[in-house]
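Quick notes on the structure that follows.
In what follows, every heavy atom counts, from backbone to side chain, and hydrogens, waters and symmetry copies are set aside.
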Amino acid sequence: MCAVDDKRPARRNNSSAAAAVEQLFPAHHPDTPSSPRIDPPAPRPSMATHTTASCTGSTLLQPISEIINLPLDQVNFVAGQLFALLMAVWFRIYLHPSKTSPFVRHVVATLLGFYLALFCFGWYSLHFLVQSGLSYSVMVFAGLEHMHKYCFIVTLGYLILCQITRVYVFDYGMYSADFTGPMMVITQKITSMAFEIHDGLTKREGQLTPSQKYLAISRMPSLLEYLSYNCNFMGILAGPTCSYNDYMAFIEGTGYQPRHQDNANANGKENGKCRQSEPSSKNDVVSKLCTCAVTLAIYLSLCKLLPVERCIDEDFVNNTPFHLQVLYLYLAMLALRPKYYFIWTLADAINNAAGFGFNGYNKDGSPRWDLISNLRILDIEFATSFKLFLDNWNIQTSLWLKRVCYERCPINPTAATFLLSAMWHGVYPGYYLTFLTGIVMTMAARAVRHNIRPYFLGSASHKCVYDVLTWLATQVAISYTVVPFVLLAVGPSLHFYRSWYFCLHLLCLLVVLVLPVRSRRRQPPEPRDAVQEERRADHNSTDNNCNQKDKAT
């Protein structure tokens with residue numbers, strides 16, 4: 001579930017396991033049947049040589065690709081992100097807002113972004129300009145009343161068209177430089193901006209929620225500002241998405257000032273502006289880079305040992321006890337997640353190194369740099385509900401779905417949000433199976449939380465037991481739900497669910513039918529957003545300033 005995603009079905013790898021875990025991790029042999037997929041007829045001597053022809057980006061790093069035996073497009077991606085990290089440090093030092101104008105910062109950020117796009121994707125990067133140009137034309141020439149709807153349809157439609165041609169016309173199931181990954185992030189930015197312009201120019205303040213007031217855009221962005229926001233070098237390859245107002249505050253050098261207005265008197269004022277020392281992101285960047293190194297090492301160590309396809313291997317299914325199948329499924333999904341941890345954490349570090357992402361101070365006075373962070377690893381691994389897992393996984397995408405769909409859809413917003421998420425991710429059937437399953441899982445988890453959880457809140461020991469049980473249930477439910485997301489095709493996905501007798505589907509349907517759930521859409525809106533409330537109560541709040549999640553829910 002990531003903007004830069006490996007779109008191929010994971011392949012089987014020849015590996016052996018220790019004798020103690022042979023039953024759970026049986027030796028993998030070349031003749032073991034694998035999940036259905038379309039393979040090239042000719043054998044491949046190595047991953048690196050295979051992707052040379054399909055990689056449309058630069059071939060400068062081809063020797064390195066052959067030495068480490070990794071696809072050239074993946075080598076280009078990592079090299080591009082490392083280059084972006086160096087440019088981010090240079091950008092903050094030499095193009096600081098105190099030294100240059102916003103115009104220069106916009107131009108440099110945009111040109112560096114286009115260079116990285118050309119380096120990694122070659123001529124496919126023209127799709128970024130076409131998508132952005134079409135959407136900007138809609139914003140300019142369509143009436144403000146319906147501009148956001150037309151822009152949403154055009155932007156998402158162009159993304160889906162590119163995904164269809166990439167998957168079904170050129171190389172179904174085979175991984176190459178996936179230019180639709182950056183387009184997914186650009187789609188989020190364009191549609192978010194369209195709704196925020198519509199809110200800022202057509203609605204009165206009384207018609208907006210507190211979060212919509214904060215995000216509303218009061219003027220039409222110039223073409224340079226628009227391209228800089230969509231295609232800047234910090235987020236062109238892997239995101240994350242961010243609000244237009246936050247990005248403009250970063251470019252203009254005012255990104256941290258509003259979070260210190262309560263401290264203005266303590267720090268003094270000069271010419272009507274808060275006189276503040278700019279916080280350093282060095283510690284956070286170093287910490288996130290260390291996290292990247294650890295997660296990458298874990299992923300490379302485990303990804304070949306625990307292939308997800310083994311879950312549908314007939315020999316494994318027939319000869320392995322069910323509880324060991326459950327354990328293996330959890331471990332296989334656990335081994336996949338560090339890939340996303342690496343990508344998103346590195347992207348976050350790049351933005352922080354450039355000075356973007358400051359989000360106030362912790363209670364101990366240390367600066368926080370998680371304004372646009374995309375995940376919280378510990379909260380994911382120890383989540384005790386389906387919702388908590390999703391809230392901490394791909395955070396900025398969750399916020400985008402909430403702002404453009406869930407808060408605005410008048411009919412069944414939960415189902416509409418999951419459907420939009422599936423359409424945005426791509427056209428593989430497995431995505432739709434995953435998100436359709438996610439709807440049932442979410443409804444069942446909500447019913448359990450509303451009806452069962454209150455009985456365990458009487459004592460700390462009971463609450464601890466409830467947390468352990470719900471953690472186990474959440475991890476199994478998440479692993480079960482995302483199997484089609486990894487397998488991609490309908491046949492292997494249904495084969496897996498049949499081997500489990502659709503047990504979690506049936507259990508969730510039973511829970512939804514038996515346990516009542518209150519409709520949360522009928523409840524009156526909160527008078528003030530939780531984030532705004534805590535910001536006014538305590539300027540050192542530990543809540544994300546841009547995270548508009550409704551805590552009452």
Side-chain angles (χ1 to χ4, degrees), residues 3 80-81 83-121 125-140 151 155 182-183 185-194 196-197 200-201 215-258 273 278 281 347-358 369 371-372 396 546:
Q81 287 293 75
F83 175 77
L85 180 64
L86 295 177
M87 289 298 98
V89 176
W90 173 83
F91 192 83
R92 184 171 190 180
I93 295 176
Y94 294 100
L95 293 183
H96 192 273
S98 63
K99 299 179 181 180
T100 188
S101 65
F103 175 82
V104 174
R105 285 167 62 85
H106 277 305
V107 170
V108 173
T110 306
L111 292 179
L112 286 175
F114 286 147
Y115 171 75
L116 287 176
L118 287 171
F119 179 81
C120 290
F121 307 107
S125 57
L126 292 177
H127 287 290
F128 308 161
L129 288 177
V130 173
Q131 184 187 35
S132 299
L134 288 174
S135 302
Y136 191 74
S137 300
V138 172
M139 290 183 185
V140 172
C151 191
T155 307
M183 289 182 66
V185 179
I186 294 175
T187 297
Q188 290 181 341
K189 292 182 176 181
I190 293 174
T191 53
S192 296
M193 178 188 290
E196 291 159 9
I197 292 174
L201 297 182
L215 298 169
I217 300 173
S218 57
R219 67 173 180 85
M220 183 68 69
S222 68
L223 181 60
L224 176 61
E225 293 170 340
Y226 175 79
L227 290 177
S228 175
Y229 171 61
N230 288 337
C231 303
N232 63 81
F233 73 97
M234 301 173 296
I236 185 66
L237 297 184
T241 190
C242 60
S243 76
Y244 176 78
N245 287 339
D246 285 333
Y247 180 75
M248 290 300 296
F250 156 72
I251 290 293
E252 296 168 0
T254 61
Y256 64 94
Q257 291 179 4
K273 296 182 179 179
E278 186 172 347
S281 61
D348 197 17
I350 292 170
N351 283 272
N352 292 167
F356 187 26
F358 176 66
W369 289 87
L371 179 66
I372 56 173
Q396 302 307 319
C546 194

(request) List the steps and the verdict of side-chain contact (heavy atoms from CB on, under 4.5 Å) for Cys242 and Phe250. (result) CA-CA 11 Å; Cys242 60; Phe250 156 72; over 6 Å; no
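Taking 4.5 Å as the limit, some side-chain heavy atom of Leu95 sits within range of a side-chain heavy atom of Val108. Considering only heavy atoms from C-beta on, Met139 comes within 4.5 Å of Tyr226 through its side chain. Residues His106 and Ser222 fail the side-chain proximity criterion, which asks for heavy atoms closer than 4.5 Å. Pro97 has its side chain out of reach of Thr254: every pair of non-hydrogen atoms, C-beta onward, lies at least 4.5 Å apart.
Applying the salt bridge (Lys or Arg N to Asp or Glu O under 4.0 Å) test to every pair with at least one member in residues 219-230, sequence neighbours left out, gives these pairs: Arg219-Glu225.
With sequence neighbours excluded, no residue forms a side chain to side chain donor-acceptor pair (under 3.5 Å) with Ser192. For Arg105, there are no side chain to side chain donor-acceptor pair (under 3.5 Å) partners, not counting sequence neighbours.
Atom OG of Ser125 and atom CE of Met183 lie 11.0 Å apart (nearest 0.5 Å). For the atom pair Phe114 CZ and Phe233 CZ, the distance stands at 14.0 Å (nearest 0.5 Å). Between the CG atom of Leu85 and the CG atom of Asn351 there is a distance of 10.5 Å, given to the nearest 0.5 Å. One distance of note links CD1 of Ile236 with CZ of Phe128; it measures 5.5 Å at 0.5 Å rounding.
Below 30°, between 30° and 60°, or above 60°: for Tyr229 and Tyr247 the angle between ring planes is between 30° and 60°, a tilted geometry.
Side chains of Thr191 and Thr155: no donor on one and acceptor on the other come within 3.5 Å.
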